[in-house]
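First up is the structure itself, then whatever we jot down about it.
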Amino acid sequence: MKTKLFLTVDTEFSIGGAFDDPVRYTPVGEQAVLCQIEGKSHGLGFLLDTFKEFGISATFFVEVFNTYLFGDQPMRDLALRIKAAGNDLQLHLHPCWTYFKNRDWVQRLKVDPPTDHMNGRSLEQLTEWLNDGIGIFERWGLDRPIALRTASLITDRAVYEAMEGCGLTVSSNIAVGIFRPEEPNLQLYSGLHQIGKVLEACVLTYIDRQIGSHIHHRSLTITGASWAETRSLLLRAHASNIESLVILTHPFEFVKYAVPGLTNMYPSRVNQGRLRKLCAFLAENGDRFEVATIGQLASRTASAARGSNVLLKAPWWQVAGRMVENVLNDHVKFL
Ligand SMILES: [Zn+2]
């Protein structure tokens, strides 16, 4: 059996420190996605060029509540460009952007600060957000989304109930290495799962360190894992008969920058190299791996999910190598 691989790109603007210090910082729009350096886009541009070169379609989870600050045009234009390049568009929401509905948001920061999490919310609130997000997609002339990714992969059971009510049938809301949901049946590490009537394609979470009974979990991202580590996980997933594997990335993972304003950008040669090696590997190993989009899961009913929840382990020597590589990558500008 081929292992399906979903490349997912959370495509979002940045608050850029504005909630902490609105005098010094302003939110960052297109540049947070394009990551232009001397006229060349090292974020979205690099991703689209790389996917095209290797004949890959990825899923872009596009954040739409930024419209409350930036209006429709900036993200809509990016979404249309991503779609025109043959990729899949699905819904990503960061409720913190709805804070800008308040004209007096700067004055409010101290008394009623913004929140971004989607767990612990009422069904009414979730339903309103989901319908709002779907409406923005439709207003932009895009196909109605079938799938959701919640802000920062924070979710609970109520999110799935709200999704059912809004006709969103597929989710990729879970990455246990980033956020561990309270409900044990949402603590999913790999594969496809049925949650009510929703099909959850969780981001792959694996064990990267184990000291005695202390287990450290990590979710698979481009910036977080070396190529050697990712390759081992792919091969182990296939050998373990895992039906699908989701990788998470963002356009800004392919540049280095100063926080919080995303200034002083440099290309991240290490992370760009990791994605290119992954794409080349997938192109060469079509007998074992099949690149798929989340949108293609629309035809799968949730009850058909196998639901096996294999927890893979990365080889310790590759984890050690990655730790060194990531420290160098973080501290050496030209890598
Ligand atoms: Zn996000």
Side-chain angles (χ1 to χ4, degrees), residues 6-20 25 27-35 43-44 47 58-70 74-76 78-79 82 87-100 114-121 125-126 129-130 132-134 136-137 140 142 145 147-156 159 162-163 168 170-181 186 200-205 218-224 246-255 257 259-262 271 275 293-294:
F6 299 94
L7 281 162
T8 65
V9 185
D10 288 3
T11 309
E12 58 202 15
F13 296 156
S14 171
I15 297 295
F19 288 154
D20 296 320
Y25 300 113
V28 184
E30 287 156 299
Q31 175 64 357
V33 170
L34 292 172
C35 308
L44 181 64
L47 286 167
T59 296
F60 287 74
F61 283 101
V62 175
E63 204 291 320
V64 295
F65 285 164
N66 69 81
T67 49
Y68 289 113
L69 180 66
F70 291 103
M75 192 59 97
R76 181 194 60 210
L78 293 172
I82 294 164
N87 296 289
D88 176 36
L89 299 181
Q90 301 297 341
L91 186 62
H92 185 39
L93 298 176
H94 274 278
C96 66
W97 292 102
T98 63
Y99 201 64
F100 295 106
T115 56
D116 196 41
H117 59 95
M118 290 179 73
N119 64 342
R121 304 287 190 175
Q125 174 68 86
L126 291 166
W129 280 338
L130 296 183
D132 191 12
I134 293 166
I136 295 169
F137 255 59
W140 291 355
L142 302 172
L148 173 70
R149 174 163 286 159
T150 50
S152 308
L153 295 118
I154 295 175
T155 191
D156 63 10
V159 170
M163 288 179 67
L168 292 167
V170 181
S171 60
S172 185
N173 294 336
I174 295 174
V176 176
I178 295 170
F179 174 81
R180 176 177 288 270
L186 297 187
E200 166 69 33
C202 59
V203 176
L204 184 82
T205 293
R218 198 171 181 86
S219 293
L220 187 55
T221 63
I222 300 296
T223 200
V246 177
I247 298 182
L248 162 69
T249 193
H250 301 79
F252 57 72
E253 288 181 33
F254 302 95
V255 290
Y257 51 87
V259 286
L262 277 72
N271 288 357
L275 184 79
T293 64
I294 295 287

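Note that the coordinates shown come from a computational prediction; the quantities given were computed from them, not determined experimentally. Note that ligands are numbered from 1 as they come in the structure, with each ligand's atoms numbered from 1 the same way.
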Between Arg149 and Thr59, do the side chains contain an N or O donor and an N or O acceptor separated by less than 3.5 Å?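 No, because no side-chain N or O of Arg149 sits under 3.5 Å from a partner of the opposite role on Thr59.
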
Applying side chain to side chain contact (heavy atoms under 4.5 Å, CB included) between Val246 and each of Ile174, Leu7, Thr8, report the one that passes.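 Single side chain to side chain contact (heavy atoms under 4.5 Å, CB included) partner of Val246 among Ile174, Leu7, Thr8: Thr8.
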
Restricting to ring pair (Phe, Tyr, Trp, His ring centres under 6.0 Å), what partner residues turn up for [X], sequence neighbours left out?
X      : result
Phe137 : none
Phe252 : His250
Phe60  : none

Could you check whether the rings of Phe19 and Phe100 sit parallel, tilted or perpendicular, using 30° and 60° as the cut-offs?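 Correct class here is parallel.
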
Which atoms of the protein, restricted to N, O or S, are nearer than 2.8 Å to the Zn ion (ligand 1)?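 Sorted hits: Glu12 OE1, His92 NE2, His94 NE2.
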
